[in-house]
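A short write-up of the structure that comes next.
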Amino acid sequence: MITIDPTTLGSHFESREAEEKWDRRWSEAGVYRWDPAAAGQPFVVDTPPPTVSGSLHVGHVFSYTHTDVIARHRRMLGQPVFYPMGWDDNGLPTERRVQNYFHVRCETHVPPEPGLQLPMADDATRKQPPRKVSRANFIELCLALTREDEQAFKSLWQRLALSVDWSLEYSTIDERARRIAQLSFLDLWKKGHVYNLEAPTMWDVDFRTAVAQAEVEDRPVRGAFHDIRFGVEGTQRSFVISTTRPELLPACVGVAAHPEDERYKDLFGKRAVTPLFRVPVRIFPTTLADPEKGTGILMVCTFGDATDVQWWREEQLPLRQVIGPDGRLAGVRFGTEAFPSLDPQAAQDFYGHLADCSVKEAQKRIVELLRDPAGSAAGDGQAPLQGEPRPLEHPVKFFEKGDRPLEFITTRQWFVRLMDKKERLIEAGERIQWHPEFMRARYRNWTENLQIDWCISRQRYFGVPFPVWYPVDQDGRVRHDRPILAEQKDLPVDPTSQLPPGFTESQRDQKGGFTGENDVFDTWFTSSLTPQIASGWWLRPEAHQKLFPMDLRPQSHEIIRTWAFYTIAKALLHEDQIPWKHVGISGWVLDPDRKKMSKSKGNVLTPMHLLDSYGSDAVRYWSAGAKLGVDTAFDEKVLKVGKRLVLKLFNASKLVLSMSGPDLPPSRPLDLGFLTRLRELVERASRQMDGFEFATALDEIERFFWGSFTDSYAELVKGRARAEDDPEGRGSAVNALQIGLKALLRLFAPFLPYITEECWSWGYAAHEGQPSIHRAPWPTVAELSGFAGGGADFAAAVAALQAVHRAKTQAGASVGRQVAFLRLAASPA
RNA sequence: GGGCGGUUAGCUCAGCGGUAGAGCAUCGGUCUUACACACCGGUGGCCACAGGUUCGAAUCCUGUACCGCCCACCA
């Protein structure tokens with residue numbers, strides 16, 4: 001039994017004060033430190049590195065609390081917990097911020113300036129053209145700026161009491177991450193899983209980079225069907241195609257219709273003639289054409305969409321790329337082999353109106369050109385454009401961070417071969433446990449529908465460079481087919497400033513010399529290695545062995561196709577493993593109108609003021625109340641309830657720990673009954689926590705604490721716990737109360753780390769020999785198994801208490817009023 | 001067009017084969033030596049709709065309707 005001086009118990013609870021105090025003590029005592037030498041099965045978390053250039057919002061607090069609750073529970077089970085924190089600073093969002101903040105642009109060929117530091121750009125600086133800096137310097141600026149953002153996140157995480165080991169911090173652009181990412185590339189190359197290829201690729205014309213299928217989204221866009229009349233070579237015939245992209249007419253390389261379409265059957269094998277440019281193109285059948293859509297016959301361009309790419313490949317059509325990497329129509333020459341024309345001069349004249357226009361402008365202009373009968377390919381003196389464009393809304397592919405539609409542009413890119421591994425990827429997903437289970441379908445669905453290999457090269461700067469150079473032959477041709485890879489021991493390398501083995505700087509970009517790869521990896525190429533970055537992988541094989549595969553990947557559902565998918569792919573390709581045993585998917589925080597919170601909608605809630613007004617424990621209480629996978633509408637009322645619970649725990653602890661008596665074991669039926677109920681709670685809550693069902697566990701624990709403990713059991717025994725004339729009963733009650741509180745504090749500890757630590761410190765810390773409740777053992781059925789029976793007595797006593805309360809309430813009397821006469825009778829069953 | 005969730009008290013949600021639940025809100029009562037930031041008692045629901053299985057369905061099956069998410073070849 002714990003006996004303490006009641007005057008040492010606090011009279012009120014100040015959450016902010018307690019938070020600061022315990023943060024400091026936990027850090028000093030290393031309560032959350034990962035001990036690689038510790039015995040026991042480790043619990044390893046693949047913590048999501050937040051995008052640090054984004055803003056803080058309640059969604060972060062929500063999902064990170066879920067992970068922390070799980071980690072704390074495992075720590076109390078005695079597992080050594082590996083819980084790192086990373087920062088995702090690598091990538092486009094940071095680039096954009098740094099460009100604006102310092103008013104700089106990265107240029108690959110600018111020489112590095114060692115030690116370059118810049119202040120935030122002032123107005124005068126901004127009037128000048130942006131300063132050009134080397135990639136090395138640009139990365140330094142990115143690091144400098146993201147360091148500030150990381151601090152903001154770190155203080156939020158600490159305030160939230162995330163039990164991460166801060167010595168395990170990393171960022172996705174730091175040296176270790178760059179080295180691991182480049183190692184990954186070398187390993188994939190050795191195993192034959194990567195290749196580079198010049199091919200049409202989805203391209204963002206603003207960022208001027210290739211993008212991968214996973215980063216593409218459909219957006220509804222208003223467009224219009226343009227009915228355009230084509231000629232048929234050597235005949236007077238004509239037909240009309242409907243297109244939403246008339247500006248691609250100069251890029252037309254074929255015409256296609258369904259093989260069974262009676263309207264066009266006789267045209268197959270003939271050549272169509274495009275209006276304006278009078279280029280003859282093959283007419284071929286394809287089952288991919290839908291007779292119901294438009295006029296049933298369509299033009300194939302290089303490239304309007306993914307199907308165009310497919311037809312171009314299958315039918316071996318010529319390449320007529322007119323849209324350049326900047327999204328403008330390039331200068332092309334008609335009458336050449338690439339752009340044949342029956343009337344090159346007229347074609348060139350028409351094209352002159354379009355060259356150098358943006359896609360949008362070109363579309364406007366070509367519509368006007370198509371109204372000119374002189375452009376007819378049918379030789380009937382009618383304008384090619386039939387009628388007026390017919391508006392429609394249709395889905396168009398965008399880069400998820402982009403503003404203009406994607407184009408398919410032929411460029412050289414690096415790919416990871418995945419299309420031949422779909423079966424294995426799906427099977428890997430089956431071996432992982434998804435929480436909730438139905439999220440597995442998202443993964444399977446995406447993997448089954450994968451259309452192209454993973455494009456991993458980006459024409460950007462703030463990223464991990466490819467550890468690759470290419471020989472330049474005597475004719476000045478870059479031999480992309482014979483890349484020179486960096487040596488593993490030299491990683492990380494930047495091929496734009498470092499040399500390949502056996503070359504000198506004077507040979508850079510020279511005939512007979514070499515050239516460095518300018519591209520950087522897709523950020524997901526690095527992010528998909530978070531388990532390896534955290535464990536150290538080849539740099540620390542022993543640690544990796546112990547930590548990998550990890551136990552838990554927490555993440556949100558919209559990045560299953562990227563982060564989860566690519567991480568699974570990497571683990572499979574590198575080590576033929578699954579990266580983790582469990583994936584826990586947190587839902588979204590919706591605003592009270594059930595809309596997703598987003599910056600653009602301006603409905604984002606920042607977490608700091610919530611922490612200020614309700615305290616960290618209350619915010620965690622709200623977060624932990626949501627089950628995995630379930631979206632939750634933000635509701636401030638729940639925070640109030642959390643705050644109330646914290647206060648109640650404070651007061652209940654004060655009550656229990658202020659009592660004393662003879663140290664006798666619980667023996668009275670009521671006390672035993674309470675402990676029996678408690679044991680049942682521990683059994684259920686433990687099972688739920690083991691299955692990551694922390695919200696259900698919290699609900700049960702809270703219900704028990706409030707309903708069975710404070711409002712009934714404590715009320716029933718507090719008289720006896722102070723009785724002078726019943727030492728045995730008093731000892732039994734005080735001990736049962738203390739045993740109960742000790743278990744309840746520990747059950748609440750993963751959810752409410754501050755208040756439980758505070759109350760634990762009053763007596764249990766010394767008595768149990770465990771200074772922190774967060775290192776104390778999770779309550780077990782075994783520790784309560786010595787107390788049996790009394791369940792019926794407990795139920796009867798609670799029912800009697802309620803009956804007395806009811807009688808008093810009906811009489812309008814105070815609950816404290818003495819009862820003169822009470823007769824208890826067994827109720828008829 | 002395909003896949004996956006959801007639809008339960010005014011609100012936020014739990015329950016997922018055996019007499020409809022919690023918290024908040026609402027109405028009424030109580031200062032009771034842990035807590036009035038508390039406690040006690042009450043009001044409130046054809047569990048979206050329609051069929052089916054079952055002795056019994058909010059719970060299982062089949063459809064339908066909304067809401068949301070993910071995905072799909074943009075003519």
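Lettering follows sequence order; numbering is per chain, from 1. Every value quoted in this text rests on a predicted model; they were computed, and no experiment measured them.
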Interatomic distance, [X] [atom1] vs [N] [atom2] [rounded to whole Å]:
X        : N      : atom1 : atom2 : answer
A:Phe705 : B:rG23 : CZ    : C1'   : 15 Å
A:Leu645 : B:rC24 : CG    : C1'   : 15 Å
A:Leu450 : B:rG2  : CG    : P     : 22 Å
A:Lys718 : B:rU32 : NZ    : P     : 12 Å
A:Gln738 : B:rA34 : CD    : P     : 16 Å
A:Leu288 : B:rA72 : CG    : C1'   : 13 Å
A:Phe398 : B:rA72 : CZ    : C1'   : 17 Å
A:Phe62  : B:rC13 : CZ    : C1'   : 12 Å

Base, sugar-phosphate or nothing for [X]? Non-hydrogen atoms, less than 4.0 Å.
X        : result
A:Phe650 : nothing
A:Val396 : base
A:Ala652 : base
A:Asp290 : base
A:Arg245 : nothing
A:Gly294 : nothing
A:Ser653 : nothing

Tell me whether the count of non-hydrogen atoms from other residues, nucleotides or ligands lying under 6.0 Å of NZ in A:Lys364 goes above 12.
no
Would you say that more than 12 heavy atoms from the other residues, nucleotides or ligands in this model lie under 6.0 Å from the CZ of A:Arg16, or not?
yes
Between [M] and [N], how far apart are the [atom1] atoms? Round to whole Å, please.
N      : M      : atom1 : value
B:rU8  : B:rC47 : C1'   : 4 Å
B:rU32 : B:rG23 : P     : 25 Å
B:rG17 : B:rC74 : C1'   : 49 Å
B:rC13 : B:rA50 : P     : 25 Å
B:rC49 : B:rC66 : P     : 16 Å
B:rG21 : B:rC46 : P     : 15 Å
B:rA72 : B:rG3  : P     : 15 Å
B:rA25 : B:rG44 : C1'   : 11 Å

Do the ring planes of [X] and [Y] sit parallel (below 30°), tilted (30 to 60°) or perpendicular (above 60°)?
X        : Y        : result
A:Phe692 : A:His435 : perpendicular
A:Phe239 : A:Tyr264 : perpendicular
A:Phe565 : A:Trp446 : perpendicular

Output the pairing pattern of RNA chain B as a dot-bracket string, 5' first, Watson-Crick or G-U wobble with both distances under 3.5 Å, | for cross-strand pairs, [ ] for crossing pairs.
((((((((.[[[[.)..(..]]]].(((((.......))))).....[[[[[..)....]]]]])))))))....
Look at the side chain of A:Lys808 against the base of B:rC40 and say whether a donor-acceptor pair falls under 3.5 Å; ignore hydrogens and angles.
no
Does any N or O donor sit under 3.5 Å from an N or O acceptor when you compare the side chain of A:Glu715 with the base of B:rA34?
yes
Salt bridge present between [X] and [Y] (N-O < 4.0 angstrom):
X        : Y        : value
A:Arg390 : A:Glu388 : no
A:Glu700 : A:Arg703 : no
A:Glu683 : A:Arg687 : yes
A:Glu407 : A:Arg245 : yes
A:Asp725 : A:Arg720 : no
A:Lys397 : A:Glu217 : no
A:Glu430 : A:Arg444 : yes

Which of the following nucleotides, [options], is nearest to the side chain of [X]?
X        : options                : answer
A:Trp588 : B:rC74, B:rA72, B:rC69 : B:rC69
A:Lys648 : B:rC37, B:rC74, B:rA34 : B:rA34
A:Gln451 : B:rC74, B:rG2, B:rC73  : B:rC73
A:Trp706 : B:rC39, B:rA14, B:rA72 : B:rC39
A:Arg703 : B:rA22, B:rC74, B:rC71 : B:rA22
A:Lys627 : B:rG23, B:rA14, B:rG28 : B:rA14

Between [X] and [N], does any side-chain N or O lie under 4.0 Å from OP1 or OP2?
X        : N      : result
A:Arg644 : B:rC39 : yes
A:Lys293 : B:rC73 : no
A:Trp311 : B:rC73 : no
A:Arg806 : B:rG29 : no
A:Gln213 : B:rA72 : yes
A:Arg817 : B:rU32 : no
A:Arg722 : B:rA34 : yes

In the 5'-to-3' direction, what one-character label does each nucleotide of nucleotides 4-11 of chain B receive under the scheme B = base within less than 4.0 Å of a protein heavy atom, S = sugar-phosphate only, - = no such atom?
SS-----B
Heavy-atom nearest nucleotide on RNA chain B taken for A:His805 and for A:Asp631; more 5' hit belongs to A:Asp631
If each of A:Asn449 and A:Pro405 is mapped to the nucleotide of RNA chain B with the nearest heavy atom, which maps nearer the 5' terminus, i.e. the 5' end?
A:Asn449
Residue of the set A:Asp617, A:Leu645, A:Ile755 for which side-chain contact (heavy atoms from CB on, under 4.5 Å) holds with A:Phe748
A:Leu645
Can you tell if the side chain of A:Val211 reaches within under 4.5 Å of the side chain of A:Thr201, non-hydrogen atoms only?
no
Does A:Arg320 make a cation-pi contact with A:Trp312 (under 6.0 Å, within 45 degrees of the axis)?
no
Pair A:Trp454-A:Gln213, side-chain donor/acceptor within less than 3.5 Å:
no
Check RNA chain B against residues 611-622 of chain A and give the residues with a non-hydrogen atom under 4.0 Å, in numerical order.
none
